[in-house]
Engineer: 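Could you have a look at this structure, given as structure tokens, before my questions?
This structure is a prediction, so every number in the text was calculated from the model and none was measured.
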Amino acid sequence: MSSDGHHDKHPRLVELEQMVRDGRIDTIIVALTDMQGRLVGKRVQGEAFLNGVIDHGAHFCTYLLGTDMEMNTPDGYKLMNWETGYGDWIASPVWDTLRVLPWLEKTALVLSDTIDEETHQEIPVSPRTILKGQVERAAAMGLTIKAGSEFEYYVLKDSWEDQHHKGWAIPERFGYYNEDYHLLQATKAEPLHRLLRNQMTEARIPIEFSKGEAAPGQHEVNIRYDHVLESADRSVLFKHGAKEIAYLNGWGITFMAKPDHRWTGSSGHLHMSIWDAAGEKSLTHDAAAGGPYGISKQFGHFVAGMMALSRELAPFIAPNINSYKRYASLSWAPVNIVWGRDNRTTGFRLVGHGNALHVENRFPGGDMNAYLTYAAMVGAGLYGIEHELPLVDEFKGNGYIATGVERMPRALWEGIQALEKSSAAVEIFGQDIVDHYLNAARVERDTYDSVVHAWDRETYLERS
């Protein structure tokens with residue numbers, strides 16, 4: 001107990017209070033992640049923070065967890081609608097997540113869980129809470145899930161404002177030839193990539209590599225693996241921070257899955273492994289089990305679960321209309337739900353040896369909401385263990401031409417249909433969460449279908 005009669009404060013909170021007192025920090029961002037994976041929240045002035053304005057969290061309107069990308073308030077959400085009056089919930093800071101942001105002057109950021117002020121219960125449809133639920137399921141099974149994210153993105157010559165004024169025409173990329181592993185081409189945008197690597201690492205989002213990717217202006221960053229909840233935190237912070245750093249330094253950047261049908265899509269690959277309850281011993285490898293490449297029986301079930309449910313959990317993995325345009329044959333983005341050893345044509349790529357053995361899930365795009373995507377894949381893996389699903393045989397060769405296997409949906413409407421029929425999704429998440437995110441997907445689908453696009457005019461204006 002501390003002298004004021006309260007439990008000892010979290011050491012990061014104590015550290016933050018000291019930084020505010022001595023002038024190193026004057027702004028604290030209290031952030032939560034919305035359904036689309038964006039950070040939303042409030043900025044707290046330093047003196048107000050010391051005076052206790054967020055001792056019990058920061059209020060936010062319930063609609064933030066029930067909007068579309070345009071911040072409209074669609075019908076169909078049980079927890080937030082005009083009848084409920086769109087009241088407030090609480091963003092409750094998770095002090096473990098506190099970061100000082102070197103790209104914003106005297107600014108710190110803390111991620112939040114979302115709480116009902118009356119019941120003190122977490123809001124079940126909140127993305128971070130959904131992932132925490134799957135982490136708790138794993139813990140109950142004696143497992144820790146570790147994971148790491150890779151993000152691909154395009155560096156653009158046009159800023160977002162330029163794009164807006166041009167009517168969102170095809171952007172001009174920073175670069176004019178495939179720069180996969182090219183050091184010279186990468187050097188041209190190194191002023192941005194260097195900021196991303198070093199400022200992110202300084203903000204406790206450890207970046208291991210950056211490299212050119214398989215298209216002009218496309219780059220990739222690898223974030224160090226850790227406990228899956230920490231990795232999801234790092235993922236949402238990386239995307240948000242990368243956009244801020246790019247904007248503040250005059251660069252354009254996008255994590256959109258497929259900015260143009262002629263471009264290589266941008267991925268958000270997940271690297272996943274299972275560990276013991278203490279998180280100290282990898283459980284992916286067991287030479288005595290007789291599985292391919294030494295895969296343990298338990299990890300075989302885990303991978304089998306991810307494969308079996310990828311299609312019906314697609315709206316949690318590929319949440320946007322545009323996400324599905326990335327799934328194109330011979331494009332470096334997978335289409336078929338098969339696995340292979342170090343095979344980039346398969347949806348699941350087994351890599352590493354011994355205790356470092358793990359699986360890379362190549363289906364998520366750069367547009368993913370990491371909390372939801374990790375939650376879906378952890379939930380599916382645990383489902384595979386619980387139901388002892390057998391790992392199918394390895395696919396060898398060109399995974400794009402595999403036959404007799406499931407493939408990812410070709411469009412969001414198909415993903416919606418698969419999720420609507422999924423009893424496994426309800427077993428993993430519960431009906432309310434499934435309904436909430438089905439509604440979000442239907443809103444996106446229906447909005448897109450009602451809009452006249454440039455393709456419509458090009459195809460029909462003269463010739464129809």
Side-chain angles (χ1 to χ4, degrees), residues 124-125 127-147 227-229 231-232 270-277 282-284 286 289 291 295-319 334 336-339 346-348 350 357-364 368-393 405-409 415-438 441:
V125 299
R128 194 172 193 273
T129 295
I130 292 172
L131 177 55
K132 286 172 68 177
Q134 298 309 309
V135 168
E136 288 165 6
R137 281 185 64 216
M141 296 168 65
L143 297 175
T144 300
I145 312 299
K146 293 191 180 182
H227 184 281
V228 66
L229 182 60
S231 285
L270 312 182
H271 292 254
M272 301 185 68
S273 54
I274 60 174
W275 296 64
D276 66 0
S282 173
L283 302 177
T284 60
D286 180 2
I295 296 175
S296 70
K297 185 176 180 182
Q298 199 172 35
F299 191 54
H301 293 323
F302 190 88
V303 176
M306 289 199 292
M307 293 180 65
L309 300 185
S310 282
R311 181 174 168 80
E312 55 204 80
L313 295 179
F316 293 94
I317 301 163
N336 289 318
I337 303 173
V338 292
W339 75 271
T346 60
F348 291 88
L350 190 73
L357 189 72
H358 66 277
V359 70
E360 176 191 44
N361 181 352
R362 296 176 60 79
F363 284 114
M368 70 168 172
N369 180 337
Y371 292 118
L372 297 179
T373 303
Y374 274 128
M377 289 298 92
V378 172
L382 298 179
Y383 180 94
I385 292 173
E386 289 170 333
H387 293 266
E388 297 186 345
L389 298 184
L391 182 62
V392 299
D393 291 339
V405 298
E406 292 280 358
R407 63 161 287 156
M408 282 298 271
I416 291 169
Q417 286 184 348
L419 182 55
E420 286 172 337
K421 298 172 186 172
S422 176
S423 60
V426 176
E427 183 178 326
I428 292 167
F429 291 125
Q431 190 69 57
D432 288 347
I433 289 172
V434 171
D435 288 348
H436 191 85
Y437 284 91
L438 266 175

Engineer: Donor-acceptor pairs under 3.5 angstrom involving side-chain atoms of residues 300-314: please list them, not counting sequence neighbours.
Structural biologist:
residue : atom : partner : partner atom : Å
His301  : ND1  : Leu389  : O            : 2.7
Ser310  : OG   : Met306  : O            : 2.7
Arg311  : NH1  : Arg407  : O            : 3.0
Arg311  : NH1  : Glu414  : OE2          : 3.1
Arg311  : NH2  : Glu414  : OE2          : 2.7
Glu312  : OE2  : Ser422  : OG           : 2.7

Engineer: Under 6.0 Å from the NZ atom of Lys297, do we count more than 12 heavy atoms belonging to anything else shown?
Structural biologist: no
Engineer: Which heavy atom of Thr284 sits nearest a heavy atom of Ser273, and at what distance?
Structural biologist: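 In terms of heavy atoms, the two residues are closest at CG2-CB, 3.7 Å.
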Engineer: Is the closest side-chain heavy-atom distance between Val378 and Val135 below 4.5 Å?
Structural biologist: no
Engineer: Are any non-hydrogen side-chain atoms of His387 and Glu427 less than 4.5 angstrom apart?
Structural biologist: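 His387 reaches Glu427 side chain to side chain.
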Engineer: How long is the straight-line distance from NE2 of His271 back to CG of Asn361, given to the nearest 0.5 Å?
Structural biologist: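 Interatomic distance, Asn361 CG to His271 NE2, rounded to 0.5 Å: 9.5 Å.
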Engineer: Where is the tightest heavy-atom contact between Pro364 and Leu270, given as atom of each residue plus distance?
Structural biologist: CG-CG, 3.8 Å
Engineer: To the nearest 0.5 Å, what is the distance between CD on Glu136 and CG on Leu131?
Structural biologist: 10.0 Å
Engineer: Could you pull out the closest heavy-atom pair between Gly347 and Pro334, with the gap in Å?
Structural biologist: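 Heavy atoms only, the tightest pair is CA-CB, 3.6 Å.
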Engineer: Partners of Asp435 by side-chain hydrogen bond (donor to acceptor under 3.5 Å, both in side chains), sequence neighbours excluded?
Structural biologist: Gln431
Engineer: So how far is it from Tyr374 OH to Leu229 CG, rounded to the nearest 0.5 Å?
Structural biologist: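 Those atoms lie 11.0 Å apart.
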Engineer: Enter the distance from Asn336:CG to Thr346:OG1 here, rounded to the nearest 0.5 Å.
Structural biologist: 10.0 Å
Engineer: So which heavy atom on Val434 is nearest to which on Ala425, and how close?
Structural biologist: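 Scanning both residues, the minimum pair turns out to be CG2-O, 3.6 Å.
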Engineer: Hey, mind stepping through Gln134 and Ile145 against side chain to side chain contact (heavy atoms under 4.5 Å, CB included) and telling me if it holds?
Structural biologist: CA-CA 10 Å; Gln134 298 309 309; Ile145 312 299; over 6 Å; no
Engineer: Check whether any side-chain heavy atom of Leu357 lies under 4.5 Å from a side-chain heavy atom of Leu350, and answer yes or no.
Structural biologist: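 Side chain of Leu357 against side chain of Leu350, heavy atoms only: contact under 4.5 Å found.
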Engineer: Rounded to the nearest 0.5 Å, how far apart are CG of Asp276 and OG1 of Thr144?
Structural biologist: 6.5 Å
Engineer: With a 4.5 Å heavy-atom cut-off, do Leu382 and Leu143 have their side chains touching?
Structural biologist: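 Yes, their side chains come closer than 4.5 Å.
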Engineer: Testing Trp339, Phe299, Phe363 for ring-ring contact (aromatic ring centres under 6.0 Å, His included) with Phe348, which one passes?
Structural biologist: Phe363
Engineer: Mind listing the closest non-hydrogen atom pair of Tyr371 and Pro127 along with its distance?
Structural biologist: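 Of all heavy-atom pairs spanning Tyr371 and Pro127, the closest is CB-O, 3.4 Å.
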Engineer: Verify side chain to side chain contact (heavy atoms under 4.5 Å, CB included) between Val228 and Met377, making sure each step is shown before the conclusion.
Structural biologist: CA-CA 11 Å; Val228 66; Met377 289 298 92; over 6 Å; no
Engineer: Indicate yes or no: at least one non-hydrogen side-chain atom of Ile337 is less than 4.5 angstrom from one of Met408.
Structural biologist: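 Touching, per the 4.5 Å side-chain cut-off.
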Engineer: Would you list the pairs meeting salt bridge (Lys or Arg N to Asp or Glu O under 4.0 Å) in which at least one residue belongs to residues 375-389, sequence neighbours left out?
Structural biologist: Arg137-Glu386
Engineer: Does some side-chain heavy atom of Leu372 sit less than 4.5 Å from a side-chain heavy atom of Ile130?
Structural biologist: yes
Engineer: Aromatic contact between Phe316 and Phe429, with the criterion being ring centroids under 6.0 Å apart: yes or no?
Structural biologist: yes
Engineer: I'd like to know if the side chain of Ser231 reaches the main chain of Ala147, judged simply by a donor and an acceptor atom lying under 3.5 Å from each other, with no hydrogens or angles considered.
Structural biologist: yes
